[in-house]
Amino acid sequence: MVSQLCKGGACGDAFGARVGVVLERSLQRSQNDGKVLYWGLWAVQQLHGVQSLLATLRTNCVVFNEKVVKSTLRSLSDLTWEGDQAGLDTVVQVIQTVIFCMQKCQDSLDLLNDSAFTLSRAALTIAGEKHEAIPQLKEAALTSASILMELLSAKVANAQLCRTVLEALGELLEVAGPALRARICDHLFAGNCNNGGSGVIGAGLLSKVSQEHHANTWVQGVIMWLAGLAHGVAAIVREMNMNQGYGVQLAALRAIAAIFDQMEDPQSNEMSSRGASIAAALSAMNAFPENLIVWKTACYTLNSIVQHGLDHVVQKEQLEMCLRAGAKALNVAQSLEHHCYRDEASYLREESVKLIAAVCITCPDFRFSLQEANCKVTLAQAMEAAVDRFPEDDPDKEAEQVEVLVHNLLALAYVSGPEEILVSCLQRWGAKTFLVRACADTVAELVRRNAPMNEELLRGRVHAELTSVAQVHKEDVQIQSCLELAVGFISQPKQHLNHQLQNQVPPCFVQSC
């Protein structure tokens, strides 16, 4: 509070020096308290700028005050940078100082891990092609990548550090200009990104990491994702077809999902690989019929592909196969959820329901197929399981699990109609805050997507139930906001509703990892 007052000028310049002294004393007394260090350093940066953090980092690296170094790195990684010349010059100074820190703290894996993350945050700011025209920025970006790869080579035995560095290099590769891209690919793949060399991983540093952590599925997943960024999704699919091993299949599925999840350009060349990716994911499910982890990951991968819609590459036939896979996975999950595989079965249930909902949203005609297959009962059981297992005592998981409920409600709405589903859920569980929020979000999502069953929402029953539960939760401002939006959508005459929809950009379909 004091630092913000000083920054805003409320206390005058005379108090700035006194606040600086107080902060310094507070930091010295609290060097074992990570939270005080973090916010104290934030306050110092607010008062005196980034240079004060850089000076703190240099000083404490020399005397090796580990906790202060860690807190300072964290503070630097949380900063956002201005795109003007002064801001970019500061980024270069941050890169130089963090590299100095890495040289001084080589024996601390924890600090090296934090330094690698902070270095990548700064390097991302200057990694684009437009910055390669400025020699100073180009050199700083290239140096950052080289330092990260040197660290990877030196500490290849440490799985956590490998994962941090590989993820950093992948993020740089996503935005890199030609020079930076060539630097990363030459070291990782022992060749440029258009030549896979010895398989999709190549014969460079990435191959060394893969061999060191051949049994670590998370490291393998990041490696495959990097290979996909370098060579394209088609190369990952070829690798899946050539190597049917569990580790390769799981890593490849995660990589494909990550690439399509992050893809925003509908004209991307990778869009042409969606059909082959669907086939590869379905093949992995068939190859491991009893492996819940593969099935869960495959459903997540199919979901990330389906959300890009129908076209000449992905047609109704492929979507129908995805729908069948989702329905089968849901049946498997529910048959095992009350046994020793409870947690993995629950994750599979969630991902399979998301896939079913995504297929119906992409092609609403498939709701008739679900009706004919009598999927209402299965989906209703999944909904009950999701409500029963909702983590009411864990706020950190609440938002994610509300999304799970929304997917359940969307799938049921396409099978049975939104009026019946929403009214019955609100009457049965209306006192539960998270369920009310999920129902309101479902109404908003259906209207935004102009679902063909939306006529039911205008009949009045859903409006009446939402209005009723609003009285139960009238002290909850967040719930009231969600309910007002939902009620507002379905209170308008149809012609006004359609006009509003035409002027609203539909949001991306909600997801969780």
Side-chain angles (χ1 to χ4, degrees), residues 303 306-310 319 353-368 370-371 376 379-380 383 386 399 401-430 432-473 476-512:
N303 185 14
V306 165
Q307 293 184 61
H308 288 283
L310 284 170
L319 281 189
V353 170
K354 288 179 187 178
L355 176 57
I356 293 170
V359 171
C360 289
I361 287 172
T362 302
C363 185
D365 289 347
F366 279 117
R367 69 187 189 277
F368 302 119
L370 291 173
Q371 291 167 0
K376 176 182 176 181
L379 287 168
M383 181 69 192
Q401 290 302 307
V402 166
E403 289 182 6
V404 171
L405 291 173
V406 171
H407 286 98
N408 275 272
L409 289 167
L410 285 170
L412 279 165
Y414 277 91
V415 175
S416 302
E419 184 179 51
E420 175 189 341
I421 295 305
L422 291 169
V423 169
S424 63
C425 285
L426 288 169
Q427 289 179 346
R428 180 176 178 182
W429 293 302
K432 294 182 180 292
T433 303
F434 62 84
L435 198 283
V436 174
R437 179 180 168 189
C439 287
D441 288 350
T442 301
V443 170
E445 193 68 28
L446 286 168
V447 174
R448 284 166 175 157
R449 293 188 174 277
N450 203 14
M453 320 83 63
N454 280 356
E455 288 283 351
E456 295 184 20
L457 295 174
L458 302 176
R459 293 176 186 168
R461 290 184 66 201
V462 176
H463 182 286
E465 288 298 329
L466 291 175
T467 304
S468 175
V469 295
Q471 296 302 311
V472 177
H473 302 282
D476 191 321
V477 176
Q478 186 178 21
I479 290 297
Q480 290 296 318
S481 177
C482 294
L483 288 169
E484 285 174 10
L485 178 64
V487 170
F489 271 139
I490 59 178
S491 297
Q492 304 173 60
K494 184 182 177 186
Q495 61 267 28
H496 296 304
L497 184 62
N498 288 339
H499 175 74
Q500 181 168 346
L501 286 169
Q502 292 169 4
N503 291 282
Q504 181 165 0
V505 179
C508 293
F509 192 60
V510 290
Q511 285 193 63
S512 64

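Since the structure is predicted, the reported quantities are computational estimates derived from the model, not experimental observations. Just so you know, residue 1 is the first one in the sequence shown, and it goes up from there.
- For the atom pair NZ of Lys354 and CG of Asn303, the computed distance is 7.0 Å after rounding to the nearest 0.5 Å.
- For Cys363, the side-chain contact (heavy atoms from CB on, under 4.5 Å) test picks out Leu310, Lys316, Leu319, Asp365, Phe366, with sequence neighbours left out.
- Atom CZ in Arg367 sits 11.5 Å away from atom OG in Ser416 (nearest 0.5 Å).
- Partners of Phe434 under the ring pair (Phe, Tyr, Trp, His ring centres under 6.0 Å) rule, at least two apart in sequence or in another chain, are Phe390.
- A distance-only check finds a donor-acceptor pair linking the side chain of Ser424 to the backbone of Ile421 [under 3.5 Å].
- Closest of all the heavy-atom pairs between Leu485 and Ala444 is CD2-CB, 4.2 Å.
- Although no hydrogens or angles enter the test, the distance criterion places no donor-acceptor pair under 3.5 Å between the side chain of Asp441 and the main chain of Glu403.
- The minimum heavy-atom distance linking Ala440 with Ala486 is given by the pair O-CB, 3.6 Å.
- Every residue two or more places apart in sequence or in another chain was checked for a ring pair (Phe, Tyr, Trp, His ring centres under 6.0 Å) with His473, and none qualifies.
- Applying the salt bridge (Lys or Arg N to Asp or Glu O under 4.0 Å) criterion to Glu456, with sequence neighbours excluded, gives no partner residue.
- A pairwise comparison of heavy atoms in Leu370 and Ile356 identifies CD1-CG2, 3.8 Å as the closest pair.
- A heavy-atom distance below 4.5 Å is not found between the side chains of Val462 and Pro418.
- Residues meeting the side-chain hydrogen bond (donor to acceptor under 3.5 Å, both in side chains) test with Glu420, sequence neighbours left out: Lys376.
- The side-chain hydrogen bond (donor to acceptor under 3.5 Å, both in side chains) test applied to Arg461 returns no partner, not counting sequence neighbours.
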**Study point:** Working for side chain to side chain contact (heavy atoms under 4.5 Å, CB included), residues Val404 and Val353
**Key:** CA-CA 8 Å; Val404 171; Val353 170; over 6 Å; no

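- A pairwise comparison of heavy atoms in Leu409 and Cys425 identifies CD2-SG, 3.7 Å as the closest pair.
- Between the CG atom in Leu412 and the CG atom in Leu379 there is a gap of 5.0 Å [rounded to 0.5 Å].
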Which atom pairs, donor and acceptor, lie under 3.5 Å between side-chain atoms of residues 463-472 and protein residues at least two apart or in another chain?
residue: His463; atom: NE2; partner: Ser491; partner atom: OG; Å: 3.0
residue: Glu465; atom: OE2; partner: Gln427; partner atom: NE2; Å: 3.1
residue: Thr467; atom: OG1; partner: His463; partner atom: O; Å: 2.8

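- In this structure Glu419 satisfies the side-chain hydrogen bond (donor to acceptor under 3.5 Å, both in side chains) test together with Arg459, sequence neighbours excluded.
- Atom CG in Leu435 sits 9.0 Å away from atom OG1 in Thr442 (nearest 0.5 Å).
- Distance check: His308 NE2 to Thr362 OG1 gives 10.0 Å after rounding to the nearest 0.5 Å.
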